[in-house]
Amino acid sequence: MQEQYRPDQIEKAVQSEWEARAAHRVTEDASKPKYYCLSMLPYPSGKLHMGHVRNYSIGDALSRYLAMNGHNVLQPMGWDAFGLPAENAAMKNNLPPAKWTYDNIAHMKGQLKALGFALDWSREVTTCKPDYYRWNQWLFLRMWEKGIVYRKSAVVNWDPVDQTVLANEQVIDGRGWRTGATVEKREIPMYYMKITSYADELIAQLEKLGWPEPVKLMQKNWIGKSDGAEIHFPYEDGSGVLKVFSTRPDTIYGASFVAVAPEHVLAQKAAQNNSALQAFIEECKKGGVTEAELATQEKKGMDTGLFVTHPLTQQQLPVLIANYVLIGYGEGAVMGVPAHDERDFHFAKKYNLPILPVVAHAGKTYSTDTWQDWYSDEGVAINSHDFDGKPTAEFKKKIGVVLAALNLGGPRITYRLRDWGISRQRYWGTPIPMIHCESCGDVPVPDDQLPVVLPENLVPDGSGNPLAKTVSFFQCDCPKCGKPARRETDTMDTFVDSSWYFMRYCSPDAKTMVDERAEYWMPIDQYIGGIEHAILHLLYARFWTKVMRDLKLVSFDEPFTNLLTQGMVLNHIFFRKSEKAGITYFPPEEVQIHRDDNGRITGATGSDGQPIEYGGFGTMSKSKLNGVDPQAIVDQYGADTARLFVMFASPPDQSVEWSDAGVEGAFRFLRRLWKIVHDHVSAGVVARYTGGELSAELKTLRNQLHRTIDKVGDDYGRRKQFNTAIAAVMELLNNFTKLSDTSQSARAVAQELLETVTVILSPIVPHICTTLWSELRPGTTLADQQWPKVDSAALQQDEIELVIQVNGKLRGSLTVPAKATREDVEELARNNEAVIRHVGDTPIKKVVVVPGRLVNIVV
RNA sequence: GCCGGGAUGGCGGAAUCGGUAGACGCAGCGGACUCAAAAUCCGCCGGUGGAAACACUGUGAGAGUUCGAGUCUCUCUCCCGGCACCA
C-alpha cells in the first residue's frame with residue numbers, strides 16, 4: 001500500500017472503475033424497495049458553485065447510505081437550461097444562448113463527474129431540448145382544453161426606452177438596469193394556469209408531507225385561504241355594482257369609503273373628464289410591480305367624486321383611488337373600515353375620513369387618536385343596528401347570508417394565491433403553442449405539429465423578444481381556417497420546466513410524456529435543494545403533478561414525499577464605496593485581511609495599499625466576487641476533501657460559512673485516516689474480531705465503535721445531519737490512535753474498527769474509502785458491502801456515570817452499576833462528599849433522579 | 001411592509017424528548033522531533049478570582065415558567081431567505 005494519500009491518483013482510478021461497470025446505472029426492480037433521491041437540477045451558469053457541491057454531496061451521501069441498506073436507488077441529474085442569464089450572456093458575447101448553454105453543460109457535467117457523485121447519467125434531461133419541452137407544450141394544450149389555461153391581462157414592469165418588459169431582477173431602485181429609465185407598470189395579455197382551483201388541495205395535502213414544518217407553514221400562508229364575504233356597493237346612478245371582498249364583513253357598518261385600484265374601471269371612468277385624476281393614475285403607474293415595493297410605498301389616494309351606496313345603511317360612500325389596492329387581488333377594490341384596519345386607519349387620518357368603531361373589546365377604550373394593534377382583534381359588534389352585541393365570528397357567518405338574501409353579495413372564500421401567469425416576453429424558453437388568427441381568435445397548435453421548435457440561432461439585443469422580429473418563426477397559417485395568422489412569440493416561465501423534470505428522469509426516452517416507469521419510481525422519496533425554493537418552485541411542481549393526475553397521466557397526488565432544504569454557502573464580502581463608481585467588490589483571496597486581537601476581521605487592504613471595507617458574510621455570488629470555485633478545491637485537495645468540508649462545516653439546513661482553513665482541516669483528517677490504515681495494513685491484515693475475551697480497554701473501544709455505527713446510521717438516515725456523524729467518527733479514531741496494545745485481539749479489533757470506518761464514511765468520501773477497503777480486504781470491494789450491523793453485546797455497559805446536582809448546580813459525579821435502582825442511586829448521592837459539603841445541615845426538600853442521567857438534590 | 005428562519009468561545013459548530021454548555025474541527029499558545037523549516041505527534045485553550053482545590057459567572061437583550069432552561073412562553077434588537085418575470 002502506498003504511504004502517501006494521493007487523491008489525484010485514487011479518485012481518477014476509482015471513478016474509471018465505476019464508469020467501466022456502469023456502477024450507478026439503475027433499472028426498475030420489483031424485488032427491492034425503491035428509493036428516489038433527487039437533488040434540484042442546476043442552472044447551467046458556467047461553473048458549478050459551492051451550493052451545488054453541497055446540495056449534491058448531501059444527495060449522494062443519502063443515496064449511497066440507502067443503497068448500502070438494500071434499496072434500489074435512483075439519483076439522476078439534468079439541466080434547467082432555459083432562462084434569462086443565457087440571454088444576458090448572449091448579448092454580452094454576441095453569440096446565441098444555445099451555444100453558451102450547451103458549452104456550460106459540457107463543462108459542468110465534467111465537474112460533477114470529477115466530484116464522484118453516484119449519478120445515473122443515462123437519464124440526463126436538458127430542458128431546452130425539443131424532446132423535453134415538447135411535453136410542456138403538449139400538457140399546456142391539454143390544460144387549455146380543460147380550461148385550466150386561460151388568457152387575461154397582467155401588469156408588468158415596462159422599460160419605456162428599450163420598449164421591453166423587465167424582470168423584477170432587472171429593476172434597480174425603480175429604474176431599468178440597462179437604460180436607467182424610470183420603470184412603468186403596463187398591462188399586457190398573458191396565459192394563466194388556474195393554480196387557485198387547486199388551492200384547497202394544496203393546503204390540505206401539506207399535512208401528509210414529510211417536509212420541514214416552516215416550509216409547510218410558508219406554503220400555507222402563501223396560499224392564504226381566507227373566509228369572508230363579497231359585498232356589493234351599487235353605483236349611485238344605478239348602472240352597476242362595485243364588488244369588494246372582505247375578511248371582516250362584520251365591520252361593514254364601519255365602512256366610510258371604498259378604495260379602488262388605479263386600473264379599476266371606476267377609476268378609469270372617473271378620470272375621463274378629470275385631468276387631476278388622470279395625473280394621479282399616471283403617477284400610480286410609476287415604479288415596479290413587486291409586492292415588497294407596493295407594501296412599503298407611501299399610501300396615497302385621491303377622491304374620484306363618485307359615490308356608491310352602502311348596501312345596508314343606504315349611505316352614500318365616497319369612491320377613492322388608492323395606490324395600495326391591487327387590481328389582481330380579489331376584485332381590485334376594498335371597503336375602507338378605518339376603525340379596524342391599520343392601513344385604512346392611516347389612510348382615513350390622512351384624507352380626513354370618518355372613523356367609526358363598530359367592534360368593542362372587553363375592558364378596552366377606543367380612541368381615534370392613534371392606532372392600537374388590538375383594534376383589529378375580534379370582539380363584539382356595536383353601532384351595527386340589529387347585529388349589536390354579536391360576537392365577531394357569529395356576525396361574520398350571519399352577514400354573508402343577509403347579503404346573499406339581498407342579492408348584494410354573500411359568503412365567499414378567497415386566496416392570497418394568484419393564478420400562475422406563465423407568459424414571458426423572452427426568447428430563451430419553451431414557445432407557447434398558440435396561434436392568433438384574426439377570424440378564429442386564439443387557436444391551439446394541433447398535436448401533430450408539436451413541438452413548436454425554438455430556433456437556436458438568434459441573438460437578443462435587449463429590446464424586446466427576438467422571436468417577435470423573426471418572420472419565419474411567427475408567420476404561419478391558422479390551423480382552423482387556413483388563413484395567414486401569427487404564432488404566439490411569448491415563451492413559458494422556466495418554472496414550467498422545473499415542474500415535472502423529475503418525472504421525465506424515470507423514462508427519458510419515452511414516446512409519451514411519462515410512462516409506467518414513473519409509477520415505479522415516483523413519488524420522490526427525498527428531495528434536496530435550496531431553501532430559496534421553499535415556496536414557488538415547490539408549489540408549482542405540486543400543482544403540475546395534480547394536473548397530470550387529473551389528466552390520468554400519473555396516479556400519485558404529491559411529487560415530493562420528503563424534503564430537505566439546504567442552507568446557503570456564504571463567504572466574506574470585501575468592498576469599496578465611492579461617490580462616482582458606487583460599490584466595487586474585491587475577491588477575498590486578493591485582499592490583505594486585517595484582524596483585531598480576537599482574530600475578528602476589521603478590514604482589509606487592496607493590492608494598491610488602499611483600505612477596503614469588510615462587509616461580513618454573504619451568499620457567494622458573481623456580483624460580489626466572493627465565490628469559491630469548487631474546481632480549485634478539487635484540483636488541490638481532491639473531491640473527497642471538498643465533499644467532507646461542506647458536509648462537516650454545518651448541518652445541511654443551516655448556512656455554511658466558507659473557510660480555507662476548514663478545507664485544510666478536512667484534508668488533514670483524510671490524510672490521517674489514510675496513514676492509520678496504512679500503518680495497520682503494513683503490519684499485515686488479519687481477520688476481524690468476531691468474539692472472545694477482551695481487555696477492559698478494548699471492550700470500551702468496541703463499545704464506542706458500535707455506538708458510533710448506531711449514531712452515524714441514525715444521523716444519515718433519520719436526522720440527515722452529517723456534521724455530527726463525521727465528528728463521531730473523528731472521536732472514535734482519536735481514541736483508537738491512543739491505543740498502544742499490539743496483541744492479537746487488539747489487531748482483530750483494529751481490523752474490525754478500520755473496516756467499519758471505511759464503510760460508514762464511504763457515503764461522504766467514497767473514493768478514499770473504496771481504496772482503503774481494497775487494502776484492508778484484498779480481493780473484495782466496498783461496493784458489495786452492506787451497512788454494518790450493531791453488535792448489541794458490545795453496547796452493554798457494566799457501569800454508568802451519573803451527575804450530581806444540588807439545587808440544579810453541578811457538584812460532582814457518581815459511578816454506579818448499570819442495574820442500580822433509583823433508591824440505591826439516591827442513597828449514594830446523599831452520602832456523596834460533595835453533596836455533604838454543599839448541603840450541610842440544610843434539610844433536603846426533594847431528590848430528583850433522572851435514570852442514566854443525573855441526581856438533583858433540592859434544599 | 002408581510003411570511004419563514006437564525007443568533008452559543010477568537011471562528012465554524014455540538015448538546016437528538018427540559019437534565020454535565022462548548023463534543024468535533026479551525027485558529028492560537030506551549031512542548032517533542034529537526035541544523036532549520038514544513039509535515040507529524042503530545043499538551044493547554046469561554047470569562048473573572050485563586051498557587052491550587054475550588055468558587056462565581058456565562059448560550060443576542062429583558063422578563064417569566066420549572067427542582068433544573070441554549071432548549072418552553074412573552075416582549076425587543078440585529079442578521080438571513082422568500083414576496084409571484086433571478087433561478
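Chain naming here is simple, since letters A, B, ... match the order of the sequence lines and numbering starts at 1 in each.
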Report the relative orientation of the aromatic rings in A:Tyr56 and A:His52; use parallel for angles under 30°, tilted for 30 to 60°, perpendicular for over 60°. parallel
Classify A:Asn723 by what it touches in the nucleic acid, base, sugar-phosphate, or nothing, heavy-atom distance under 4.0 Å. sugar-phosphate
Could you check whether A:Glu801 gets within reach of a base, just the sugar-phosphate, or nothing at all, counting any heavy atom under 4.0 Å? nothing
Under the criterion ring-ring contact (aromatic ring centres under 6.0 Å, His included), I'd like the reasoning laid out for A:Phe669 against A:Phe648: C-alpha separation, chi angles, the key distance, then a yes or no. CA-CA 11 Å; A:Phe669 171 73; A:Phe648 183 58; 8.1 Å; no
How would you label the contact of A:Lys809 with the nucleic acid (heavy atoms, under 4.0 Å): base, sugar-phosphate, or nothing? sugar-phosphate
For each nucleotide in nucleotides 76-87 of chain B, reading 5' to 3', give B when a protein heavy atom comes within less than 4.0 Å of its base, S when such contact involves only the sugar-phosphate, and - otherwise. -----BSBBBSB
Hey, does A:Lys711 reach any base, or is it just sugar-phosphate, or nothing, if we go heavy atoms under 4.0 Å? base
A:Lys225 pairs by side chain to side chain contact (heavy atoms under 4.5 Å, CB included) with which of A:Thr414, A:Leu202, A:Ile203? A:Ile203
Decide whether a cation-pi geometry holds between A:Lys152 and A:Tyr192; the criteria are a distance under 6.0 Å from NZ or CZ to the six-membered ring centre and an angle within 45° of the ring axis. yes
Under-4.0 Å side-chain N/O to phosphate OP1/OP2 contact, A:Arg668 with B:rC26: yes
Rounded to whole Å, please give me the gap between CD in A:Gln721 and P in B:rG25. 17 Å
Please figure out whether A:Ala728 or A:Arg672 has its closest RNA chain B nucleotide nearer the 5' end. A:Ala728
Verify the ring-centre separation between A:Tyr324 and A:Phe347: is it less than 6.0 angstrom? yes
Just call it for A:His49: base, sugar-phosphate, or nothing, with non-hydrogen atoms closer than 4.0 Å on any strand. nothing
Would you say the ring centroid of A:Tyr133 lies under 6.0 angstrom from that of A:Phe82? yes
Here's one to test your reading of the geometry: is the NZ or CZ of A:Arg542 within 45 degrees of the ring axis of A:Trp500 and under 6.0 Å from its centre? no
Report the secondary structure of RNA chain B in dot-bracket form, marking unpaired bases with a dot and bases paired to a different strand with |, and treating Watson-Crick or G-U pairs with both distances under 3.5 Å as paired. (((((((..(((......[....))).(((((.......))))).((((....))))..(((((..]....))))))))))))....
Base, sugar-phosphate alone, or nothing: which one does A:Ser650 contact when heavy atoms must sit under 4.0 Å apart? sugar-phosphate
Are A:Phe667 and A:Tyr5, when compared by the centres of their aromatic rings, separated by less than 6.0 Å? yes
